[in-house]
Amino acid sequence: MKLTFRWFGKDDPATLQNIRQIPTMSGIVSAVYSVPAGEVWPEEEITAIQREAAASGLAFEVVESVPVHEDIKLGKPTRERLIENYRENILRLGRVGVKVVCYNFMPVFDWLRSELYKELQDGSTTLAFDNETLLSLDPAKGDLSLPGWDESYTAEELRALLDAYKGMDKEALWENFAYFIRNVIPTCEEAGIVLAIHPDDPPWDIFGLPRIITGAQSYARMREISPSPANGIALCLGSLGVDPANNIPAIVKKYGPRIHFVHARNVTWVGERSFEEAPHPSACGSLDMYRIFKALHEAGFDGYIRPDHGRMIWGETGRPGYGLYDRALGATYIAGLWEAIEKQSREG
Ligand code: DNO
């Protein structure tokens with residue numbers, strides 16, 4: 001297991017110096033965030049990330065994310081050029097030693113929450129999702145300003161995009177996904193890179209848009225599309241875990257060799273399709289982190305793990321979900337859990 005930490009670049013209040021001081025931290029997870037989805041990343045920007053990380057003793061082997069342009073998800077003719085660009089990015093990343101590229105295939109919206117600063121009993125704040133609130137919003141009317149969706153769209157662009165998806169069902173999205181995968185996997189193999197798909201967050205349809213990476217059945221279908229290990233999984237415990245029907249240890253058991261990257265975080269189920277993000281330890285939320293990590297260990301997991309979203313604690317301010325302190329606590333919890341599981345399996 002290699003412990004990593006997400007770093008959003010020079011403007012990230014969590015600095016590389018902060019990150020390197022977290023015990024047993026081996027690397028960062030980052031990306032060129034300044035280039036719009038679909039375009040080619042300048043080589044100098046990629047090498048700059050790697051150089052800066054290395055100067056802090058940190059590896060840069062995981063990219064999150066190389067975003068997939070909406071035209072690829074929509075299956076538009078422009079996808080040819082966009083897929084070509086995607087492949088070029090993969091080749092460039094491979095050349096600087098990147099091993100894993102995380103991405104997602106969610107139409108229009110990335111992760112969504114209804115609240116960014118939900119106050120917990122201990123006075124910390126966390127990200128939360130209340131289904132009633134979500135259902136009462138209509139993004140086409142412009143009454144949406146939620147975290148996780150790309151604010152670079154104007155209201156008009158957003159409406160056009162939502163229209164373009166009208167009538168697209170899950171089957172059509174699967175087809176476009178398969179087209180993308182079949183076209184990029186050979187390049188990944190050539191570049192020594194594996195892809196890791198992030199599950200849809202939350203793992204159900206939102207605003208009438210289809211979502212397909214939602215649980216065990218999604219991974220079975222993915223494997224049918226391409227058997228290559230490069231067609232892999234970013235196991236996000238919090239995304240999958242908000243659906244109590246997702247048995248994460250069973251998913252790990254079945255698809256272990258395909259899991260290249262783990263996002264470790266905990267959630268508390270507070271009602272149907274509603275949840276709050278919780279501190280990482282099992283005792284604080286609805287997920288049994290010990291069982292999940294044990295399943296990963298038993299599956300021989302040797303990939304990258306990063307603590308995912310943390311609460312805002314100790315008065316910290318900054319990018320919601322991505323403060324330094326609570327994620328650092330999560331990192332040490334993960335390291336401790338893993339050490340115990342590893343030694344126990346070795347020593348009996
Ligand atoms: C949220 C993240 C996601 C993730 C993308 C991967 O905090 O887990 O935004 O980076 O979905 O493509």
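None of the values given here were measured: they were computed from a predicted structure. Whatever order the structure lists them in is the order used to number ligands and atoms, beginning at 1.
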Could you check whether the rings of [X] and [Y] sit parallel, tilted or perpendicular, using 30° and 60° as the cut-offs?
{"X": "Tyr322", "Y": "Phe8", "value": "perpendicular"}
{"X": "Trp111", "Y": "His309", "value": "tilted"}
{"X": "Trp338", "Y": "Phe293", "value": "perpendicular"}
{"X": "Tyr325", "Y": "Trp314", "value": "tilted"}

Using a 4.0 Å heavy-atom cut-off, say whether [X] meets ligand 1 through its side chain, its backbone, both or neither.
{"X": "Arg6", "answer": "side chain"}
{"X": "Tyr322", "answer": "side chain"}
{"X": "Asn104", "answer": "both"}

Worksheet item: For atom 11 (O) of ligand 1, what's the nearest protein heavy atom and its distance?
Response: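 Result for atom 11 (O) of ligand 1: Asp110 OD1, 2.9 Å.
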Please identify which atoms of ligand 1 are closer than 4.0 Å to at least one heavy atom of [X].
{"X": "His263", "value": "8 (O)"}
{"X": "His198", "value": "4 (C), 6 (C), 8 (O), 11 (O)"}
{"X": "Met106", "value": "11 (O)"}
{"X": "Trp111", "value": "1 (C), 3 (C), 7 (O), 9 (O)"}
{"X": "Tyr103", "value": "12 (O)"}
{"X": "Ser65", "value": "5 (C), 6 (C), 10 (O), 12 (O)"}
{"X": "Glu64", "value": "2 (C), 4 (C), 8 (O), 10 (O)"}

Ion pair [X]/[Y], N-O distance below 4.0 Å:
{"X": "Glu61", "Y": "Lys2", "answer": "no"}
{"X": "Arg113", "Y": "Asp201", "answer": "yes"}
{"X": "Glu52", "Y": "Lys10", "answer": "yes"}
{"X": "Lys73", "Y": "Glu70", "answer": "yes"}

